[in-house]
Amino acid sequence: MDKLIVHGGATLKGAVNISGSKNASLPILAATLLTEDDCIIRRVPDVSDTNYMVQILNSLGAEVERSSGTVRIKCGEVMEVAPYDLVRRMRASICVMGPILARQGRVVVSLPGGCVIGDRPVDLHLMGLKALGAKVEMEGGDITLTAPDGLKGAAMDLRGTSGPTVLGTDNVMMAATLAEGVTTIESAAAEPEVVDLANFLNSMGAKITGAGTRRITIEGVEKLHGVEHTVIPDRIEAGTFMAAAALAGEDVVLNRLCRDHMIEVTAAIEESGHTVEFNEAGDRCVVRRGEILRGVELETAPYPKYPTDMQAQMTALLATTPGISVIKDAIFPQRFMHCAELKRMGADIKVKDGTAVVRGVAQLSAAPVMASDLRASAALVLAGLTAKGATEISRLYHIDRGYEHIDEKLLMLGAHVERLQA
Ligand code: EPZ
């Protein structure tokens, strides 16, 4: 398993290009199952999660060609059973469920496992698909959905105990595009990635309105056709590099991002004392480390509020920001594995009931640390940038799931990092 050595003390300078969004790419790749025509999707990041999705589509019978960030997919014939050994490795593969059900009238997908950030239930996905007329059976860890007479549009509310569900909204929205009649989803997720999927589906001939709000309406159509689409920028990668620039940078430029998708993240970085200046178009910004820094209070919540996927990275930044910060993760209360590792580096963090109280220290010191999930591993890389000594991060496969060539991008900015094949 690869390791990353991050030598602290380098100053980041220059510019970094933000990749296409992993979390927009995954449901959009799955949505190609809804048509037998060719689809071309550009700016798909080269990360292991999108590679898994391509493998799953291949195993379902799709023809897939990938060159650099462009993926060409043709789902002529579609199998109904998603392969357990691939599905179990990536929770997001659950989003093939809606498209296969709508296309074939039957789908078998293994129940996704939980992960370190928390129990990852799919009850809302199933509730929504049942509302469209699917019959649900669970056996041997597999979910089998059938709709022999096709799906029928319905009204539903997909709100869970922690609010909307992103992939649940995606699954139901995709299935509803080919249902007979009109579907309305109340308490829909409004993330930019859901909007990008809705735009992709509408270019295929779907009739979706309200994406980006809490109420999405889908008027079913007979058929969908092939399309070309470019995926939106990855707002979480962009936020991660914003935090890196605030921590260890000198006028770092971020290219190819989208200001409107990062309002809350930008506000948090600025509230802690740094400045972020966007250009007119909002697709480029300069991050300047502040002189007077201060702790902040943050609570994660569904978009457009502060994203849980940027909680760990902000915790790493605040670990050496003077003052006290309070970070509550209301979406994944267990998502604090990175704190134990940051404390090994000298951070002063107390975690209780889904809230971390961070008391900023002058400097962290390097220690061998272990990545536990995608965003926690990014937090450890950030912490290593200004820690005293060389931080060794093991289980690097976590970070490779969602960050495209992160070590190369950091090297381009002047960071002193090296990847070791362990
Ligand atoms: C998406 O996961 C993202 N993944 C996650 O990013 C992100 O953390 C999450 O949304 C929240 O924003 C992708 O888009 C591929 P949810 P998803 O359904 O859709 C509960 C990353 O780092 N819930 O919005 O699986 C759930 O337990 C990943 O890139 C139910 O109760 O998350 C959670 O508390 C990690 N029942 C809340 O809803 C359900 O049926 C939000 O989960 C589904 C979810």
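Below, all heavy atoms of this structure are taken into account, side chains as well, without hydrogens, waters or symmetry copies.
The side-chain hydrogen bond (donor to acceptor under 3.5 Å, both in side chains) search around Glu264 returns none, not counting sequence neighbours. Remark: Glu77 engages no residue in a side-chain hydrogen bond (donor to acceptor under 3.5 Å, both in side chains) (not counting sequence neighbours). In this view, Glu65 and Arg72 satisfy the side chain to side chain contact (heavy atoms under 4.5 Å, CB included) rule, not counting sequence neighbours. For Thr217, the side chain to side chain contact (heavy atoms under 4.5 Å, CB included) criterion is met by Val182, Thr184, Thr209, Arg215, not counting sequence neighbours. Residues satisfying the side-chain hydrogen bond (donor to acceptor under 3.5 Å, both in side chains) test with Asp142, not counting sequence neighbours, are none. Partners of His225 by side-chain hydrogen bond (donor to acceptor under 3.5 Å, both in side chains), not counting sequence neighbours: none found.
The ring pair (Phe, Tyr, Trp, His ring centres under 6.0 Å) analysis of residues 5-52, with sequence neighbours excluded, yields the pairs His7-His416. Legend: side chain to side chain donor-acceptor pair (under 3.5 Å) pairs involving residues 198-208, not counting sequence neighbours: none detected. Sorted by first and then second residue, the ring pair (Phe, Tyr, Trp, His ring centres under 6.0 Å) pairs with a member in residues 229-258 read Phe200-His229; sequence neighbours excluded. Within the structure, side chain to side chain donor-acceptor pair (under 3.5 Å) pairs that include any residue of residues 92-106 comprise Glu80-Arg106 (at least two apart or interchain).
A salt bridge links Glu237 with Lys409: at least one charged nitrogen is closer than 4.0 Å to a carboxylate oxygen. Ion pairing of Glu297 with Lys328 is absent here, as no side-chain N (NZ or NE/NH1/NH2) approaches a carboxylate O to less than 4.0 Å.
Checking side-chain atoms of Arg289 against main-chain N and O of Ala246 turns up a donor-acceptor pair under 3.5 Å. Not a single donor-acceptor pair under 3.5 Å links the side chain of Lys22 to the backbone N or O of Asp49. Under a 3.5 Å cut-off, the side chain of Thr266 and the backbone N or O of Met262 do form a donor-acceptor pair.
Ser19 and Asp234 share no donor-acceptor pair across their side chains, judged by distance under 3.5 Å alone. The closest side-chain donor-acceptor pair between Gln313 and Thr240 falls under 3.5 angstrom. In summary, the side chains of Arg259 and Asn279 do not present any donor paired with an acceptor at a separation below 3.5 Å, with no hydrogens or angles considered.
Heavy atoms from other residues, nucleotides or ligands lying under 6.0 Å from CE of Met127 number more than 12. The local environment of CD in Glu270 is crowded, with over 12 non-hydrogen atoms from other residues, nucleotides or ligands closer than 6.0 Å. Annotation: Glu139, atom CD; neighbour count of heavy atoms from other residues, nucleotides and ligands within 6.0 Å does not exceed 12. Around CZ of Arg344, the count of heavy atoms belonging to other residues, nucleotides or ligands within 6.0 Å exceeds 12. Atom CZ of Phe278 is surrounded by more than 12 heavy atoms from other residues, nucleotides or ligands within 6.0 Å.
With Arg335 as reference, Asp309 is the one residue of Thr300, Asp309, Asp329 to meet the side-chain hydrogen bond (donor to acceptor under 3.5 Å, both in side chains) rule.
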Review item, side-chain donor-acceptor pairs of residues 345-357, under 3.5 Å, at least two apart:
none

Distance-only donor-acceptor hits, side chain of residues 368-392, under 3.5 Å, sequence neighbours excluded:
{"residue": "Asp373", "atom": "OD2", "partner": "Arg375", "partner atom": "N", "Å": "3.3"}
{"residue": "Asp373", "atom": "OD2", "partner": "Ala376", "partner atom": "N", "Å": "3.4"}
{"residue": "Arg375", "atom": "NH1", "partner": "Tyr403", "partner atom": "OH", "Å": "3.1"}
{"residue": "Ser377", "atom": "OG", "partner": "Asp373", "partner atom": "O", "Å": "2.8"}
{"residue": "Ser377", "atom": "OG", "partner": "Leu374", "partner atom": "O", "Å": "2.6"}
{"residue": "Glu392", "atom": "OE2", "partner": "Lys3", "partner atom": "NZ", "Å": "3.1"}

So Arg214 and Glu186, salt bridge (charged side-chain N to carboxylate O under 4.0 Å, His left out) or not? Walk me through it. CA-CA 6 Å; Arg214 290 280 178 254; Glu186 297 291 349; over 6 Å; no

Thr32 and Leu57: CA distance, side-chain angles, deciding distance, side-chain contact (heavy atoms from CB on, under 4.5 Å) verdict: CA-CA 9 Å; Thr32 61; Leu57 293 173; 4.2 Å; yes

